[in-house]
Amino acid sequence: SHSSYRFPQYHFTHMDLVSIIMPAYNSGRFIEQSIRSVLSQTYTEWELLIVDDCSTDDTEAIVTAYQDARIHYQRNEHNMGAALSRNKAIQAAKGKYIAFLDADDKWLPTKLEKQVGFMQNNNIPMSYTAYYIQHPTHTDFCIHQCPTTQNYYQLTKWNRIGCLTVMYDREQIGTIQIPHIDKRNDYALWLTILRKGYTAHGIQEPLAIYRSHNGVSKGNKLAFLKYHYQMFHHILGYNNIIALLLTIRNTIYYLIFHLIDTK
């Protein structure tokens, strides 16, 4: 039924600026690959806003060595965390489209071209794509498939949208700041957007590479529950009982999708 969402027939009709939001903290090992993946985009109308959250490694030296005027670097005066660093970049962004890329992930060369074309051709306010997962111990990549669409209700079940693949149209949605919580702030942002009544649309082709750090991001299971509860209760404003029920449902879906993804 979604045969209209196929590639590569989508071509952008005009070159709208894409603002790429990249928080960085001690990212010296990987950030060069991330920047190069942006520089190699077939779609050239972008700006890369890197906010360095007080790195103590060579992140600054690596970034400032690039002489491309589209790359903007700023360093926080004190450590603010990923959410506030992203907000700082969003505030400075000039683009019609806002996209996200973490300093250890990468894009495939046609990512922006296909995604901008997809959004322009279908008048889509927010989109995301499938992506590859690169494990530190495996040589082969596995694919994280993405749903064709996600509305607010579907997304409350579980976050199946990869931050490194998201792009939204700021002219339609507005400049939305990422809610300030220690974890799950990207998930909270997608929910905040879709709660306004928008539907996000997925591109089934993997257009990015997520670098998995041996399960570190999954962290402690109790912390996982705590952050989801905080998100539903403090950020989205549900009462204690509803927030707890949503967290439990979230955990069940996490287990289901995690089993699917790791097969």
Side-chain angles (χ1 to χ4, degrees), residues 2 5-8 10-23 34-35 37-51 70 72 82-83 86-87 89-103 105-132 144-152 155 159-178 185-196 198-210:
H2 293 282
Y5 294 174
R6 290 237 179 100
F7 289 96
Y10 288 116
H11 300 292
F12 50 90
T13 50
H14 42 273
M15 293 280 271
D16 287 310
L17 182 66
V18 178
S19 296
I20 304 158
I21 309 300
M22 182 183 285
S34 302
I35 293 170
S37 81
V38 174
L39 288 167
S40 66
Q41 289 298 303
T42 53
Y43 186 95
T44 54
E45 194 64 22
W46 52 260
E47 58 172 2
L48 175 59
L49 300 133
I50 300 172
V51 177
R70 297 170 296 177
H72 309 284
R86 285 193 185 114
N87 284 346
I90 290 170
Q91 282 163 4
K94 297 182 177 71
K96 171 179 164 67
Y97 296 109
I98 301 284
F100 299 89
L101 180 63
D102 283 346
D105 297 329
K106 293 174 283 190
W107 285 345
L108 300 186
T110 57
K111 195 260 188 191
L112 288 182
E113 176 184 337
K114 288 180 173 177
Q115 199 164 12
V116 171
F118 177 68
M119 291 176 71
Q120 285 185 355
N121 291 185
N122 297 289
N123 191 29
I124 286 169
M126 176 177 165
S127 69
Y128 50 87
T129 81
Y131 58 91
Y132 294 105
H144 178 93
Q145 303 288 358
C146 68
T148 312
T149 58
Q150 286 282 278
N151 60 28
Y152 178 75
L155 195 63
N159 182 21
R160 298 177 67 192
I161 296 176
C163 184
L164 71 162
T165 75
V166 168
M167 187 187 294
Y168 73 83
D169 181 342
R170 191 161 63 161
E171 288 177 10
Q172 288 192 54
I173 289 173
T175 300
I176 296 181
Q177 297 284 275
I178 290 173
N185 47 68
D186 53 341
Y187 187 15
L189 178 63
W190 319 149
L191 286 167
T192 303
I193 291 171
L194 297 189
R195 199 178 199 177
K196 295 174 178 289
Y198 297 108
T199 299
H201 293 257
I203 295 172
Q204 306 302 309
E205 181 183 352
L207 294 174
I209 301 169
Y210 170 79

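Keep in mind the model is a prediction, meaning the values are calculated, not measured.
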Within this structure, what is the [atom1]-[atom2] distance for the pair [X] and [Y], rounded to the nearest 0.5 Å?
{"X": "Thr175", "Y": "Gln91", "atom1": "OG1", "atom2": "CD", "result": "9.0 Å"}
{"X": "Ile193", "Y": "Ile176", "atom1": "CD1", "atom2": "CD1", "result": "4.5 Å"}
{"X": "Leu164", "Y": "Met22", "atom1": "CG", "atom2": "CE", "result": "10.5 Å"}
{"X": "Gln150", "Y": "Ser127", "atom1": "CD", "atom2": "OG", "result": "13.0 Å"}
{"X": "Glu47", "Y": "Leu17", "atom1": "CD", "atom2": "CG", "result": "5.0 Å"}
{"X": "Ile173", "Y": "Ile98", "atom1": "CD1", "atom2": "CD1", "result": "10.5 Å"}

Flag side-chain contact, heavy atom, 4.5 Å: [X] against [Y]:
{"X": "His201", "Y": "Phe118", "answer": "yes"}
{"X": "Trp46", "Y": "Leu39", "answer": "yes"}
{"X": "Asp16", "Y": "Gln120", "answer": "yes"}
{"X": "Leu207", "Y": "Thr110", "answer": "yes"}
{"X": "Tyr43", "Y": "Lys114", "answer": "no"}
{"X": "Ile50", "Y": "Ile35", "answer": "yes"}
{"X": "Glu205", "Y": "Thr129", "answer": "no"}
{"X": "Ile209", "Y": "Leu108", "answer": "yes"}

Donor-acceptor contact below 3.5 Å, side chain [X] vs main chain [Y]:
{"X": "Tyr97", "Y": "Gln115", "result": "no"}
{"X": "Glu113", "Y": "Thr42", "result": "no"}
{"X": "Tyr187", "Y": "Leu155", "result": "yes"}
{"X": "Ser37", "Y": "Trp107", "result": "yes"}
{"X": "Arg70", "Y": "Thr44", "result": "yes"}
{"X": "Tyr131", "Y": "Cys163", "result": "no"}
{"X": "Arg170", "Y": "Ser19", "result": "no"}
{"X": "Asn121", "Y": "Gly117", "result": "yes"}

Taking all heavy atoms of [X] and all of [Y], pick out the closest pair and write down the distance.
{"X": "Tyr152", "Y": "Leu194", "value": "CB-O, 3.7 Å"}
{"X": "Pro125", "Y": "Gln172", "value": "CB-OE1, 3.6 Å"}
{"X": "Ser34", "Y": "Ala103", "value": "OG-O, 2.9 Å"}
{"X": "Ile21", "Y": "Pro23", "value": "O-CD, 3.9 Å"}
{"X": "Asn159", "Y": "Ile161", "value": "OD1-N, 3.1 Å"}
{"X": "Tyr132", "Y": "Pro206", "value": "CE1-CB, 3.5 Å"}

Practice problem: Would you check, one step at a time, whether the test ring pair (Phe, Tyr, Trp, His ring centres under 6.0 Å) holds for Trp190 with Phe100? | Solution: CA-CA 12 Å; Trp190 319 149; Phe100 299 89; 5.5 Å; yes

Practice problem: Given side chain to side chain contact (heavy atoms under 4.5 Å, CB included), test Val18 with Glu45 step by step and report yes or no. | Solution: CA-CA 6 Å; Val18 178; Glu45 194 64 22; over 6 Å; no

Exercise. Start with the C-alpha gap between Val51 and Arg86, add the side-chain angles, then the distance that decides, and say whether side chain to side chain contact (heavy atoms under 4.5 Å, CB included) holds.
Key: CA-CA 7 Å; Val51 177; Arg86 285 193 185 114; over 6 Å; no

